Amino acid sequence: MDFFNLPHFPPRDCIVAHRSRDYLIALFTFVTVTICLTTDGFAPQFMQYVLAFFGWLFLIAFLRGECKFVRTQVAVAVTFAVVGEYFASIYMKGYVYRFENIPAYVPAGHGLVYLTAVALGRSGFFQQHARHIAVFVVSVCGIWALWGISQFSPRQDLIGAVLFLVFLFYLFKGRSPMVYLGAFFITSWLEIVGTSAGTWAWAVIDPASKLPQGNPPSGVAAWYCLVDAVAIAGAAPLLQTIDKTHLYLRNQQSLFRK
């Protein structure tokens, strides 16, 4: 990948400590996503609330060990993703959950997924092998996209091919490529598990573009990268607004006491 200009990738010779916490977060999320989505593929609807309870419990526990900036990013990611879920699923019907709702565990799930992308992206392994991982991800996603538009695919997946190109833009032009690499692994996995278990299904024809799409689309990670980009970009302004509000309230209290 020497012919690529990768200004936002870590230096080739960087040395980053391997923090067990980062790998624990990733392992936990991969395992629990598998259990949660498989369970929701056959369990009654009330189980979604049980899964939501444990999802929030573990998300809050993990966030206690994160800095204020990451916690704010997670909050922005959850808010934006949930709004997107209602628009894309309930309103547009681009994909539909088994009970035609937004499961109660989805908000916490998005928080854990985003935190996992961050944890993987900052981990020693990803930092030290960023370019090799990028080659692997682009190769796998590219083959998946080509397969989706070939005669061997059970469903034509033009949307997946378009999303693959969008993902490449995020990866090579975005300011947080390591988060996007991490997002590819966890989001591709959860989409494969969720659709295989019947927890949700993507529409044969994308309602917005009227193009055929796979179940899931091959470049589906691009949608999650949008969530990540909004979270990263929105955290700093939100923190500044909160800090200014706190300062204003303290000044008002001081004036009132005088």
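We use all heavy atoms of the structure for the numbers below, so side chains are in, but hydrogens, waters and symmetry mates are not. It should be emphasised that the depicted structure is a prediction, and the values quoted were computed from it without experimental measurement.
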Open item on the list: Between His132 and Phe136 (judged by ring centroids, cut-off 6.0 Å), do the two rings come close enough to count as a pair?
Closed with: no

TODO: For ring pair (Phe, Tyr, Trp, His ring centres under 6.0 Å), just list the numbers for Phe53 and Tyr105, CA-CA rounded to whole Å, side-chain angles, deciding distance to a tenth of an Å, and then say yes or no.
DONE: CA-CA 8 Å; Phe53 171 78; Tyr105 59 79; over 10 Å; no

- [ ] List the atom of Ala183, the atom of Ala117, and the distance in Å for their closest heavy-atom pair.
- [x] N-CB, 3.7 Å

Task: side chain to side chain contact (heavy atoms under 4.5 Å, CB included) between Asp22 and Leu120, intermediate numbers included - done: CA-CA 6 Å; Asp22 294 332; Leu120 284 174; over 6 Å; no

Open item on the list: Does either side chain, that of Ser218 or that of Asp157, offer a donor lying less than 3.5 Å from an acceptor on the other one?
Closed with: yes

Open item on the list: If you define the side chain from C-beta out and look only at heavy atoms, does anything of Phe126 sit under 4.5 Å from Val16?
Closed with: no

Task: Interatomic spacing from CZ in Arg155 to CG in Asn215 - rounded to 0.5 Å - done: 4.5 Å

- [ ] Check the hydrophobic clustering (I, L, V, M, F, W, Y; side-chain heavy atoms under 4.5 Å; chains of links allowed) and say if Phe54 and Val78 are grouped together.
- [x] yes

Task: CD-CZ distance between Gln48 and Phe46, expressed to the nearest 0.5 angstrom - done: 10.5 Å

- [ ] Using atom types as modelled and distance alone, determine if a side-chain donor or acceptor of Arg98 lies under 3.5 Å from a backbone N or O of Asp40.
- [x] yes

- [ ] Look at the side-chain heavy atoms of Ile, Leu, Val, Met, Phe, Trp and Tyr, link any pair under 4.5 Å apart, and say whether Leu190 and Val140 land in one connected group.
- [x] yes

- [ ] Evaluate the criterion side chain to side chain contact (heavy atoms under 4.5 Å, CB included) for residue pair Thr199 and Thr195; output intermediate values, then yes/no.
- [x] CA-CA 6 Å; Thr199 307; Thr195 53; over 6 Å; no

Task: Minimum side-chain heavy-atom gap Leu165-Phe169 below 4.5 Å - done: no

TODO: Starting from the C-alpha separation in whole Å, work towards a yes-or-no answer on side chain to side chain contact (heavy atoms under 4.5 Å, CB included) for Leu171 and Phe167.
DONE: CA-CA 6 Å; Leu171 185 58; Phe167 177 73; 4.2 Å; yes

TODO: Check whether more than 12 heavy atoms from other residues, nucleotides or ligands sit under 6.0 Å from atom CZ of Arg175, and answer yes or no.
DONE: no

Task: Minimum side-chain heavy-atom gap Glu66-Ile25 below 4.5 Å - done: yes

Open item on the list: Please report the interatomic distance CZ(Arg19) to CZ(Arg122), rounded to the nearest 0.5 Å.
Closed with: 4.5 Å

Task: Side-chain (Glu85) to main-chain (Ile90) donor-acceptor, under 3.5 angstrom - done: no

TODO: Examine Phe28 and Leu63 and state if one hydrophobic cluster contains both, with Ile, Leu, Val, Met, Phe, Trp and Tyr joined whenever side-chain heavy atoms are less than 4.5 Å apart.
DONE: yes

- [ ] Of all the heavy-atom pairs spanning Thr116 and Phe30, show the shortest one and how long it is.
- [x] CG2-CE1, 4.5 Å

Task: Donor-acceptor side-chain pairing of Ser89 and Trp200 below 3.5 angstrom - done: no

Open item on the list: Looking at Tyr49, I want to see if its OH is surrounded by more than 12 non-hydrogen atoms of other residues, nucleotides or ligands under 6.0 Å.
Closed with: no

TODO: Could you walk me through whether Leu158 and Ile149 pass the side chain to side chain contact (heavy atoms under 4.5 Å, CB included) test, one step at a time?
DONE: CA-CA 6 Å; Leu158 290 180; Ile149 59 176; 3.7 Å; yes

Open item on the list: Looking at every non-hydrogen atom in both residues, tell me the closest pair between Tyr114 and Gln73 and how far apart they are.
Closed with: OH-OE1, 2.9 Å

Open item on the list: Ignoring hydrogens, what is the shortest heavy-atom contact between Pro10 and Ala130? Give both atom names and the distance.
Closed with: CD-CB, 3.7 Å

- [ ] Any chance you could measure Thr72, atom OG1, to Ile242, atom CD1, to the nearest 0.5 Å?
- [x] 5.5 Å

Task: Hydrophobic cluster of Tyr91, others only, ordered by chain and residue number, side-chain cut-off 4.5 Å - done: Phe87, Met92

TODO: Find out whether Leu181 and Tyr170 are in side-chain contact, i.e. whether some heavy atom of one side chain is under 4.5 Å from a heavy atom of the other.
DONE: no

Task: Spacing of OG1 belonging to Thr29 relative to CG belonging to Leu112, to within rounding of 0.5 Å - done: 5.0 Å

Task: Trp189 atom CH2, neighbour heavy-atom count above 12 within 6.0 Å - done: no

- [ ] Please check if Val74 and Leu239 belong to a single hydrophobic cluster, counting links between Ile, Leu, Val, Met, Phe, Trp and Tyr side chain heavy atoms closer than 4.5 Å.
- [x] no

Open item on the list: Is the ring pair Tyr97/Tyr95 parallel, tilted or perpendicular, if the boundaries are 30 and 60 degrees?
Closed with: perpendicular

- [ ] State, yes or no, whether a side-chain contact exists between Cys36 and Val33 at a heavy-atom distance under 4.5 Å.
- [x] no

Open item on the list: Taking Trp202 as the starting point, is it possible to reach Phe99 by hopping between hydrophobic residues whose side chains are less than 4.5 Å apart?
Closed with: no

Task: Minimum-distance pair of heavy atoms, taken over all atoms of Thr79 and Ala75 - done: OG1-O, 2.9 Å

TODO: Side-chain contact test, heavy atoms from C-beta onward, threshold under 4.5 Å: evaluate it for Cys141 versus Phe184 and give yes or no.
DONE: yes

Open item on the list: For a 4.5 angstrom cut-off between non-hydrogen side-chain atoms, does Trp144 reach Pro216?
Closed with: yes

Task: Distance, nearest 0.5 Å, that separates CG of Leu115 from NE2 of His110 - done: 14.5 Å

Task: Exam field: side chain Gln213 to backbone Ala203, donor-acceptor pair closer than 3.5 Å - done: yes

Identify each donor-acceptor pair in which a side-chain atom of residues 219-231 lies under 3.5 Å from a protein atom, sequence neighbours left out, and give them as a table.
from, atom 1, to, atom 2, distance (Å)
Tyr224, OH, Glu191, OE2, 2.7

Open item on the list: Show the nearest heavy-atom pair for residues Pro217 and Leu163, with the distance to one decimal.
Closed with: CB-CD1, 4.1 Å

Task: Check: Ile159 and Ser209 side chains under 4.5 Å, non-hydrogen atoms - done: yes

